[in-house]
Participant: 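There's a structure below that I have some questions on.
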There are 2 protein chains.
Amino acid sequence: MKKGKATIHDIAEKLNTTASTVSRALNNNPRISDATKKQVLKMAKQLNYQPNNIASALRSGKSKLIGVVVPTANRNFFSSVVRGIEEIANNLNYKVIISQSYEEYDKEVDTIETLLSARVDGIIASIGKNTENFEHFQKVLDKGIPLVLFDRITDHLEVSQVVIDDYYGAYQTVQHLIKQGCKRIVHFTSPKKINIYKERLRGYEDALKENGIPFDPLLIEESNMQLEDGRQSMQHILDKKIHFDAVFSASDYAVMGAIQVLKEHHVRIPQDVKLAGFGNEPFTTFSDPSITTVDQKSIPMGRVTAETFFDLLKSGTNSVPQKTVLKPELIIRQSSQSPEEYKTLNFDQNDLTNSSY
Amino acid sequence: MKKGKATIHDIAEKLNTTASTVSRALNNNPRISDATKKQVLKMAKQLNYQPNNIASALRSGKSKLIGVVVPTANRNFFSSVVRGIEEIANNLNYKVIISQSYEEYDKEVDTIETLLSARVDGIIASIGKNTENFEHFQKVLDKGIPLVLFDRITDHLEVSQVVIDDYYGAYQTVQHLIKQGCKRIVHFTSPKKINIYKERLRGYEDALKENGIPFDPLLIEESNMQLEDGRQSMQHILDKKIHFDAVFSASDYAVMGAIQVLKEHHVRIPQDVKLAGFGNEPFTTFSDPSITTVDQKSIPMGRVTAETFFDLLKSGTNSVPQKTVLKPELIIRQSSQSPEEYKTLNFDQNDLTNSSY
DNA sequence: ATATAATATGCAATCGATTGTACAAATAAT
DNA sequence: ATTATTTGTACAATCGATTGCATATTATAT
């Protein structure tokens with residue numbers, strides 16, 4: 001029916017006024033009388049007017065878009081952070097463009113480029129595992145475009161950051177395992193020494209030290225820490241007949257793999273070996289046994305990240321980079337302690353062929 | 001160092017030519033000589049020129065943005081579809097804005113509004129469970145903006161759609177369970193009779209009929225089909241001492257819950273009860289036992305959806321809506337048949353307190 | 001050599017909203 | 001009543017790229 005979309009000019013014409021007045025009225029500019037505002041609003045509704053954000057963005061230089069770069073949206077942690085960010089952003093009338101880097105450096109660079117040319121007002125990002133060069137982020141900073149990093153951060157940039165205390169989370173977890181009587185604790189970590197894995201390793205080491213348990217490099221398994229990697233790491237430990245009584249994995253996925261392998265070898269969990277992961281992925285609750293893990297406070301992290309971002313947006317780039325550290329929470333489940341019903345399950349113990357642990 | 005970003009005017013000035021020539025050169029317009037093009041490209045690089053998509057969008061009416069609405073990005077299926085869409089879109093130099101409706105009707109309406117005012121060139125969506133009114137989508141169609149629906153569709157709109165053959169997937173699964181000897185097959189479905197659940201139920205019914213097995217309403221459990229719902233449904237069946245030997249759930253999450261409850265009652269899987277889900281969520285591979293399920297061909301679905309979308313974009317809205325149906329794939333795992341190693345696990349059978357199945 | 005066609009480039013309007021400045025009307029101050 | 005002040009609107013430039021049309025240049029045909 002109606003032809004092209006209505007513009008402020010159409011509204012102005014109908015009202016025998018000008019576009020500038022209409023614009024100001026719509027933006028609730030104090031210089032416009034209430035009477036005119038009311039008229040304009042009414043006519044806008046009548047004409048089914050929808051503001052053209054593109055035009056507005058061009059003129060004002062503000063797109064009201066913010067780009068969020070995550071390694072993958074398909075991870076509870078990241079999608080929850082995004083949800084937290086969206087919450088805040090939408091309240092402020094900003095829209096969020098989610099881009100995935102898929103842990104690929106090239107994709108990440110591309111994606112930043114894309115967001116910049118989409119003229120986002122700022123960028124929130126978590127760095128991919130394989131990123132070792134940060135020029136693309138530096139470029140963002142150089143252009144004076146607000147940038148906030150969360151979780152996967154780097155020291156190579158002067159930028160606001162929001163992280164959890166990975167050190168503390170790991171430390172608490174290992175302390176817990178030790179309290180459960182474990183002394184030979186395997187640690188799954190990544191060869192990529194990005195901040196989160198470095199910190200978790202440090203927490204592991206310090207907890208051992210504090211309890212007078214010697215650090216044994218044989219207990220450290222490096223991998224990409226997906227499920228399959230966890231399987232291989234576990235298998236590797238078993239094959240080498242390394243004595244161990246617990247596993248602390250920097251990733252929930254890897255610990256899941258380890259559990260599978262242990263089960264296949266009829267190792268009892270948690271009686272013979274206790275395990276803990278990191279991340280509180282949903283499957284850790286419904287795995288059998290359920291998995292002790294560290295919750296990363298994803299939604300709060302999203303909110304805090306967004307708040308940091310909007311502070312930055314307001315204050316301009318001159319403000320000093322802020323680093324916020326959130327406390328993670330250790331969530332103790334079956335895999336690291338023996339609840340009653342579990343003890344009654346009575347797995348067949350004759351099948352314990354591997355006696356090295 | 002460099003002040004404001006370079007524009008085509010800056011390039012033109014340096015080259016002693018005009019913005020229009022530069023614009024055409026950058027867009028590889030055949031009316032510009034190769035020599036000039038080369039010069040322009042070189043100068044663009046030199047000035048670190050970055051096209052202003054906003055300006056381009058305003059003038060051309062094409063934002064090169066496409067909006068994708070999913071109930072939640074935090075589901076393997078949806079994030080994979082998005083990945084498929086991105087693949088195609090990025091190749092064509094389009095960017096994807098992902099929006100999540102979180103299965104909330106209001107959010108969905110809002111999100112569509114937001115995308116429209118961001119002036120996306122079109123929308124790809126999967127409808128939330130609670131959406132029963134489709135005016136917001138109709139509005140998109142009325143504006144002549146390309147719209148394609150995938151997976152969660154509706155008959156209330158004349159719109160291009162991409163789905164898998166849910167009927168076929170369910171039918172195959174139930175046939176499989178019957179071949180395994182099952183005759184009393186519980187079905188978990190949703191009270192929301194959206195297309196996918198209707199079709200899966202139909203497949204279930206037809207498979208039974210074809211095998212001369214009577215349909216028993218007592219075996220149908222309706223819920224929201226999250227993990228907890230699956231637990232409750234299973235518990236409900238057990239409490240009512242309804243005889244059954246299999247569960248076919250329209251959701252992987254619900255079947256996971258069912259498995260937990262069955263285990264708690266020391267029901268042996270798959271010896272006593274066989275189970276199958278739908279969706280091929282990652283956890284179905286590493287659950288114990290691993291879960292038979294239906295793969296929804298998410299990446300291909302994403303690709304096909306994107307292709308359908310871009311066809312529509314090219315041909316204009318006058319083209320007839322297309323419906324594409326992809327074949328899903330039944331993936332048989334431990335939960336529905338007895339592999340060798342499983343038989344040797346020897347769960348304690350004395351604990352079978354519930355003898356009603 | 002002149003007309004015709006083909007090729008390459010420039011001019012200027014345009015997309016729709018924003019905003020600094022100018023101006024008119026209304027109100028207040030003298 | 002006249003000037004000063006406030007209040008409300010209008011004018012016109014602007015953001016940066018695109019594009020129909022005009023024009024200049026070169027190549028081809030006659």
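Chain identifiers are assigned alphabetically (A, B, ...) following the order of the sequence lines, protein sequences preceding nucleic acid strands; residue numbering begins at 1 within each chain.
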Participant: Does anyone know the first and last nucleotide of DNA chain C in reach of chain A, 5' to 3', at under 4.0 angstrom to a heavy atom?
Facilitator: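 That gives a stretch of C:dG16 to C:dA22.
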Participant: With sequence neighbours excluded, tell me which residues meet salt bridge (Lys or Arg N to Asp or Glu O under 4.0 Å) with B:Arg24.
Facilitator: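 For B:Arg24 there are no salt bridge (Lys or Arg N to Asp or Glu O under 4.0 Å) partners, ignoring immediate neighbours.
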Participant: Quantify the bending of the helix from C:dA1-D:dT30 to C:dT30-D:dA1 as the angle between its end axes, each fitted on five pairs, to 10°.
Facilitator: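 Terminal axis comparison yields 50°.
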Participant: Of A:Ala19 and B:Asn29, whose nearest nucleotide on DNA chain C comes first from the 5' end?
Facilitator: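 Taking each residue's closest nucleotide, the earlier one in sequence belongs to B:Asn29.
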Participant: State whether the side chain of B:Asn195 and the backbone N or O of B:Ile153 hold a donor-acceptor pair below 3.5 Å, judged by distance alone.
Facilitator: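 Yes; judged by distance alone, with no hydrogens or angles, the pair exists.
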Participant: I'd like to know whether B:Gln46 forms a side chain to side chain contact (heavy atoms under 4.5 Å, CB included) with B:Lys14, so could you lay out the CA-CA distance, the side-chain angles of the two residues, the decisive distance to 0.1 Å, and finally the verdict.
Facilitator: CA-CA 11 Å; B:Gln46 192 175 319; B:Lys14 294 265 184 193; over 6 Å; no
Participant: Is it the case that D:dC11 (base atoms only) and A:Thr18 (side chain only) share a donor and an acceptor within less than 3.5 Å, ignoring hydrogens and angles?
Facilitator: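 No such pair is found, so the answer is no.
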Participant: About how many Å separate CG of A:Leu147 and CD of A:Gln138, when rounded to the nearest 0.5 Å?
Facilitator: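 So the gap between those two atoms works out to 9.5 Å.
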Participant: For A:Gln161, give me all partners under side-chain hydrogen bond (donor to acceptor under 3.5 Å, both in side chains), at least two apart in sequence or on another chain.
Facilitator: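 Applying side-chain hydrogen bond (donor to acceptor under 3.5 Å, both in side chains) to A:Gln161 gives none.
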Participant: Tabulate protein N/O versus nucleotide N/O from nucleotides 21-24 of chain D, keeping only pairs under 3.5 Å, one per line.
Facilitator:
from   : atom 1 : to      : atom 2 : distance (Å)
D:dA22 : N6     : B:Arg31 : NH2    : 3.1

Participant: For the atom pair CD1 (A:Ile124) and CD1 (A:Ile98), what is the distance rounded to the nearest 0.5 Å?
Facilitator: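 Reported value, rounded in 0.5 Å steps: 11.0 Å.
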Participant: If you look only at pairs with a residue in residues 120-133 of chain A, which of them pass as a side-chain hydrogen bond (donor to acceptor under 3.5 Å, both in side chains), with sequence neighbours excluded?
Facilitator: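 Qualifying pairs: A:Ser63-A:Asp121, A:Glu108-A:Thr131, A:Lys129-A:Asn224, A:Asn130-A:Lys192.
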Participant: For B:Arg303, give me all partners under salt bridge (Lys or Arg N to Asp or Glu O under 4.0 Å), at least two apart in sequence or on another chain.
Facilitator: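 Testing B:Arg303 for salt bridge (Lys or Arg N to Asp or Glu O under 4.0 Å), a comparison that skips the adjacent residues, returns B:Glu87.
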Participant: Where along residues 52-60 of chain B does a heavy atom fall under 4.0 Å from DNA chain C?
Facilitator: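 Within this stretch, B:Leu58, B:Arg59 sit under 4.0 Å of the strand.
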Participant: Who pairs with B:Tyr49 by ring-ring contact (aromatic ring centres under 6.0 Å, His included), at least two apart in sequence or on another chain?
Facilitator: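 Counting only residues at least two positions away or on another chain, B:Tyr49 forms no ring-ring contact (aromatic ring centres under 6.0 Å, His included).
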Participant: Under 4.0 Å between a Lys/Arg side-chain N and an Asp/Glu carboxylate O for A:Glu113 and A:Lys139?
Facilitator: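 Yes.
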Participant: Hey, does the side chain of B:Lys95 reach the backbone of A:Ser99 with a donor-acceptor pair shorter than 3.5 angstrom?
Facilitator: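 Flag not set: sc B:Lys95 to bb A:Ser99 has no pair under 3.5 Å.
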Participant: Which residue pairs pass the ring pair (Phe, Tyr, Trp, His ring centres under 6.0 Å) test when at least one of the two sits in residues 79-118 of chain A, sequence neighbours left out?
Facilitator: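 Checked against ring pair (Phe, Tyr, Trp, His ring centres under 6.0 Å) - neighbours excluded - the pairs reaching residues 79-118 of chain A are A:Tyr94-A:Phe310, A:Tyr105-A:His136.
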Participant: More than 12 heavy atoms of other residues, nucleotides or ligands under 6.0 Å from NZ of A:Lys38: is that the case?
Facilitator: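 For A:Lys38, atom NZ is not crowded (no more than 12 foreign heavy atoms under 6.0 Å).
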Participant: Can you pull out every salt bridge (Lys or Arg N to Asp or Glu O under 4.0 Å) where at least one residue sits in residues 49-74 of chain B? Sequence neighbours excluded, please.
Facilitator: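 Applying salt bridge (Lys or Arg N to Asp or Glu O under 4.0 Å) to every pair that reaches into residues 49-74 of chain B, excluding sequence neighbours, yields nothing.
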Participant: Walk me through whether A:Ser33 and A:Thr36 qualify under side-chain hydrogen bond (donor to acceptor under 3.5 Å, both in side chains).
Facilitator: CA-CA 5 Å; A:Ser33 68; A:Thr36 336; 2.4 Å; yes
Participant: Near DNA chain D, counting only heavy atoms under 4.0 Å, which residues of residues 32-43 of chain A show up?
Facilitator: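 A:Ile32, A:Ser33, A:Thr36 - these, ordered by number, are the residues of the stretch whose heavy atoms sit under 4.0 Å from the strand.
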